[in-house]
Amino acid sequence: EGGVGVRDALITLAWGYETVSVGALPEMANSYYDTIWGGGVFTRYPLMYPTQAYQATATLTRVLDRVRFARQLDTGSLTVYALEFARADGRTVTALWTCRGEVDVKVLRGRAADVRFVSMLGAERALAGDVVRVSHNPVYLVGSAPLDGVAVAGPRTFPEEEKVLAGLPPDRVTLAV
């Protein structure tokens, strides 16, 4: 739900924009609801509950506060993305995602020994090992120094499509009412 907006914001930051619009605050509560003009970080009025897009945007702004785009890392795949940003506090953030499916990515730490993994929704932990599972929802690697690189480390899988082909319901079902 929040991945599209976060990916757009990451690309916007990489292009050097200083102001990044993350969309509307509430969902549209009128005839715009089922159009391209929907899509807020809160559900529609009068409830206005926070959505995953809210949490993803909060994580984006927490991890990438006052950043400067540094470089795009070669992953060995044209559809696995790695953007590196330099933070004002001297740390480095690498955002990773793929456009479809899931894939393992090997992290070449180099001088960045204390790398932290941050999920799109804000779960944070020390990076154990050197392999990160990447999906269409961006994740962040925060370290004290730039990574030496990243590389696709295995075949791509498509768990959502495999469930549908097996006759099982997908994890996320969106119904238009």
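One-based numbering along the sequence shown. Model, not experiment: these values are computed from the prediction.
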For residues 9-25, dump all side-chain donor-acceptor pairs below 3.5 Å to protein atoms at least two apart in sequence or in another chain.
unit_1 : atom_1 : unit_2 : atom_2 : d
Thr12  : OG1    : Asp8   : O      : 2.7

State which residues pass side chain to side chain contact (heavy atoms under 4.5 Å, CB included) with Ala145; sequence neighbours excluded, sorted by chain then number.
Arg111, Ala112
Counterpart residues, salt bridge (Lys or Arg N to Asp or Glu O under 4.0 Å), relative to Asp130 (two or more places apart)
Arg109
Using a 4.5 Å side-chain heavy-atom cut-off and chaining through intermediate ILVMFWY residues, the residues clustered with Leu108 come out as none
Check ring-ring contact (aromatic ring centres under 6.0 Å, His included) between Tyr81 and all other residues, then give those that pass, not counting sequence neighbours.
Trp97
With Arg71 via salt bridge (Lys or Arg N to Asp or Glu O under 4.0 Å) - residues at least two apart:
Glu84
Answer yes if Leu73 and Val139 sit in the same cluster of Ile, Leu, Val, Met, Phe, Trp and Tyr residues linked by side chain heavy atoms under 4.5 Å apart, and no otherwise.
yes
Do Arg87 side-chain atoms and Val63 backbone N/O form a donor-acceptor pair below 3.5 Å?
yes
For Phe69, which residues count as a ring-ring contact (aromatic ring centres under 6.0 Å, His included) partner, sequence neighbours excluded?
Phe85
Residue pairs fulfilling salt bridge (Lys or Arg N to Asp or Glu O under 4.0 Å) with at least one residue in residues 146-157, sequence neighbours excluded:
none
Side-chain donor-acceptor pairs under 3.5 Å in residues 120-128, sequence neighbours left out?
unit_1 : atom_1 : unit_2 : atom_2 : d
Glu124 : OE1    : Arg62  : NH1    : 3.2
Glu124 : OE2    : Arg116 : NE     : 3.3

Residues forming a side chain to side chain donor-acceptor pair (under 3.5 Å) with Ser119, sequence neighbours excluded
none
Do Phe117 and Val115 share a hydrophobic cluster (ILVMFWY, side-chain heavy atoms under 4.5 Å, transitive)?
yes
Which residues pass the side chain to side chain contact (heavy atoms under 4.5 Å, CB included) test with Asp74, sequence neighbours left out?
none
Using the rule that Ile, Leu, Val, Met, Phe, Trp and Tyr join whenever any side-chain heavy atoms are under 4.5 Å apart, tell me whether Val118 and Val105 fall into a single cluster.
no
Identify the two heavy atoms, one from Thr75 and one from Ala82, that lie closest to each other, and give their separation to 0.1 Å.
CG2-CB, 3.9 Å
Are Val6 and Val93 connected in a single hydrophobic cluster, I mean Ile/Leu/Val/Met/Phe/Trp/Tyr linked by side-chain heavy atoms less than 4.5 Å apart?
yes
Among residues at least two apart in sequence or on other chains, which ones pass salt bridge (Lys or Arg N to Asp or Glu O under 4.0 Å) with Asp114?
Arg91
Is there a donor-acceptor contact under 3.5 Å from the side chain of Thr51 to the main chain of Ala53?
yes
Evaluate the side-chain proximity of Pro138 to Arg7: yes if any heavy-atom separation is below 4.5 Å, no if none is.
yes
Got a second to check how far His136's NE2 is from Arg100's CZ, nearest 0.5 Å?
11.5 Å
Side-chain heavy atoms under 4.5 angstrom apart, residues restricted to Ile, Leu, Val, Met, Phe, Trp, Tyr: same cluster for Val150 and Leu83?
no
